[in-house]
Amino acid sequence: MFKQIKFLLFLLATTSLFFTCGKDEPDPDPVVTITGLDISISADSNTPNLVTVTPSATNATAFAVDFGDPNSSTDVLTTSGSAVSYTYPEETATYTITATASATNAEDVTVSKDYTVMVVTVDMGDNADIVGTWRLAASAGAFGVGPARGSTEWFTSSADDVTGRACLFDDEYVFGEDAVFQNVMDGSTWVEGWQGNDPEGCAAPVAPHDGSTAGMFLLDKAAGTLVIDGNGSFMGLAKAYNGGELTSPSEAVDQITYQASLSDDDQVMTLEIEITGGGWWTFNFWKDGFVPEPTDNNDMVAGSWVMAPQAGAFGVGPARGSTEWFTSGAGDVTTRACFFDDEYVMNEDGSFQNVMGDATWLEPWQGSDPESCGTPIAPHDGSGAATYVFNATDGTLTVSGNGAFMGLAKAINGSELTSPSEAADEIVYQATLSDDMNSMMLEIEIAGGGWWTFNMIRKGTGDGGGGGDDCTDATGITGSWKMSPVAGSLAVGPERGSSEWFSINADQVNQRACFYDDEYVFNDDGSFQNLLGDMSWIEPWQGNDPESCNAPVAPHDGSASTTYMYDESAGSITLSGKGAYLGIPKATNNGELASPNDAPDSVTYLVSFSEDNCTMTVEIDFGGGWWTFLLARQ
């Protein structure tokens, strides 16, 4: 009995020990991952060598901040997340600040940032060369961005932006003699979507990029750098910083380093900064008081110019290149002959003259109601002295002198005159010169977003429609013709010479290049050919919706055997052969085609020629209106 009791006690004790050991064994610690490590760096405004670093990270419990001072053994400070400060030597130098985040059961994580301590001494050094007030250069290409340094292929500001973004171009970037930097915006600047202004436009500056806090600057010409120090301080566009673009004002950085270059006279400064994806922003600045030397290509346009005597010579619409509000018709060349013979003379010495003779076209704002031919009204009568500057790079023609103008006197930058007394002292036109420099398209934005377009030709060179160099030696119709690649060369309206339903604009001419290279060939033997190449402009009635460049569709593909008959006394051309046409194939004497199968066996057009035989106006009555085509001899 005693032995049995001892055995039982031993068994219970063993069992108890087993369960006690299993219950008290601790679980292994979980693995921790530290993420999102970052550091913010700031300097004391009065003591710039006193630098404060605030580290932050998810799951970190301790941080070691190495301030990177190679001459100190006490520049590594620890913290649980609060800010730590370190005083550097009183000298300007760049240091690499490294923060290491740690936690139990976690691998350490580090992040490093370069920071330049700027300590200003009495010697301003290179800073002295930029002391003063700077603004973005008031010219095309003032700022832009592209995939490589020096490139602006993604975007570049235009000459129009100087006025369209005037609130940006009048911003001041002030460099003081004490190395203090200031953004001065005077209540309005260009504010973008990332700043809460969508669509972007002129608006009140948004903090901290509002100039409310002064910064400091350091120019190092040898290194080619300009450092701007201060939260929200910037040059050019606020969003561009080293390695990125801001998506919120709260992300504003404390310091930005730009690659900097200055002109020999220290009056022009170019700054570049690399952002994300290898992109580079470029900003060009002029110092206050700088007057750029005129950049002109006057030799390219020197001579006498007139309005192109054609339909669509001038027009106006709600967008650049549009003439949907009004476009001149072929009949206006005769009705307004006193206007179409006006000359715009650009002399080799840079002087400019409006030469109108005894009569020009006068409008009600000039006291002529209804509008009609009449004696020119001062100051738009060519009596004043004037000059011009053509800039091929910017694509602008500037006419200076009270009352000097191109095209219509009433069209000035941003408005239309309501009285001759309001005449502008200077007008800037957007100018596009043809390859042969014999035709020029001028565009100008008026009030309400409207744009006037004027198609000019050099006097004595036909109508600027692309005629061959020797077209003045040609007579009759024989030879090769193409559509004239100018606005208004393709038009339709309810009456002969009218283009109120549609008139092609300059952008559409470019879009339909496959149409404007089509040839219409009148051979000496009376045969006719449509030579379209591999592509032409194909429309929905031909099975191509939406209309676009595409392979020609039979029978309007030039494959048929066709002939022509030109009746000079009647002013008509008859094409015989199914599928033969001039201009666009759908226009016939019995309507507009709904299918290629409806092509007629012949089509008769009315034709007239310019005085130099370089261009031919083709018209056809299709029953519900009139199509007009302007062709140029090749």
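Numbers here simply count residues along the sequence, with the first being 1.
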Problem - side-chain contact (heavy atoms from CB on, under 4.5 Å) evaluation trace for Phe629 with Ile620 - result: CA-CA 9 Å; Phe629 314 118; Ile620 182 169; 4.2 Å; yes
Exercise for the section: Tell me, with the steps shown, if Met406 and Val399 meet side-chain contact (heavy atoms from CB on, under 4.5 Å). Expected result: CA-CA 8 Å; Met406 298 289 292; Val399 178; 4.0 Å; yes
Practice task
May I have the step-by-step check of side-chain contact (heavy atoms from CB on, under 4.5 Å) for Asn298 and Tyr388, ending in yes or no?
Solution key: CA-CA 8 Å; Asn298 287 357; Tyr388 75 98; 3.3 Å; yes
Practice task
Run the numbers on Phe622 and Val492 for side-chain contact (heavy atoms from CB on, under 4.5 Å), then give the verdict.
Solution key: CA-CA 10 Å; Phe622 60 88; Val492 64; 3.8 Å; yes
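Taking every heavy atom of both residues into account, Ile457 and Pro309 meet most closely at CD1-CD, 3.8 Å. When every heavy atom of Pro596 is checked against every heavy atom of Pro555, the shortest pair comes out as O-CD, 3.5 Å. The minimum heavy-atom distance linking Ala431 with Met440 is given by the pair CB-SD, 4.5 Å. Pairing each heavy atom of Leu631 with each of Tyr520, the nearest pair is CD2-CD1, 3.9 Å. Closest heavy-atom contact between Ser328 and Gln310: OG-O, 4.2 Å.
Side-chain atoms of Thr588 and Glu592 form no donor-acceptor pair, as typed in the model, at a separation below 3.5 Å. Side-chain contact of Thr323 with Asn505: a donor-acceptor pair under 3.5 Å is absent, judged by distance alone. Side chain to side chain, Ser383 and Asp381 meet the donor-acceptor criterion of an N or O pair below 3.5 Å. A donor-acceptor pair shorter than 3.5 Å can be found between the side chains of Ser351 and Asp349. Counting only N and O atoms by type, the side chains of Ser548 and Asn544 include a donor and acceptor under 3.5 Å apart. Side chains of Glu200 and Trp190: a donor-acceptor N/O pair is present below 3.5 angstrom, by distance only. With 3.5 Å as the limit, one finds a donor-acceptor pair spanning the side chains of Ser489 and Tyr516. Defined by atom type and a distance below 3.5 Å, a donor-acceptor pair is missing between the side-chain atoms of Trp452 and Glu445. No side-chain donor-acceptor contact under 3.5 Å links Glu619 and Trp627. A donor and an acceptor atom, one from each side chain of Asp394 and Thr396, are nowhere located under 3.5 Å apart.
Taking CG of Asp332 as the start and OG of Ser499 as the end, the distance is 8.0 Å to the nearest 0.5 Å. Separating the OG1 atom in Thr189 from the CG atom in Asp170 is a distance of 7.5 Å, to the nearest 0.5 Å. Within the model, atoms CZ of Phe522 and CZ of Arg633 stand 10.0 Å from one another, a figure rounded to the nearest 0.5 Å. To the nearest 0.5 Å, the span separating CD on Gln634 from SG on Cys614 amounts to 10.5 Å. In this structure, CG on Leu442 lies 8.5 Å from CE on Met307, to the nearest 0.5 angstrom. A distance of 11.0 Å separates OG in Ser434 from CE in Met441, rounded to the nearest 0.5 Å.
Scored by the salt bridge (Lys or Arg N to Asp or Glu O under 4.0 Å) test, Asp171 finds no partners at all (sequence neighbours excluded).
Note on ring orientation: taking the six-membered ring where Trp is involved, the planes of Phe169 and Phe143 are tilted (angle from 30° to 60°).
The ring of Tyr344 has its center no closer than 6.0 angstrom to the ring center of Phe454. Ring-centre distance between His556 and Trp541: below the 6.0 Å cut-off.
In Glu495, the CD atom is not crowded: 12 or fewer heavy atoms of neighbouring residues, nucleotides or ligands sit closer than 6.0 Å. Counting heavy atoms of neighbouring residues, nucleotides and ligands inside a 6.0 Å radius, atom CG of Asp369 exceeds 12 of them. For Glu153, the CD atom sits in a packed shell: over 12 heavy atoms of surrounding residues, nucleotides or ligands are nearer than 6.0 Å.
Lys239 has a carboxylate O that lies under 4.0 Å from a charged side-chain N of Glu192, or vice versa, which qualifies the two as a salt bridge.
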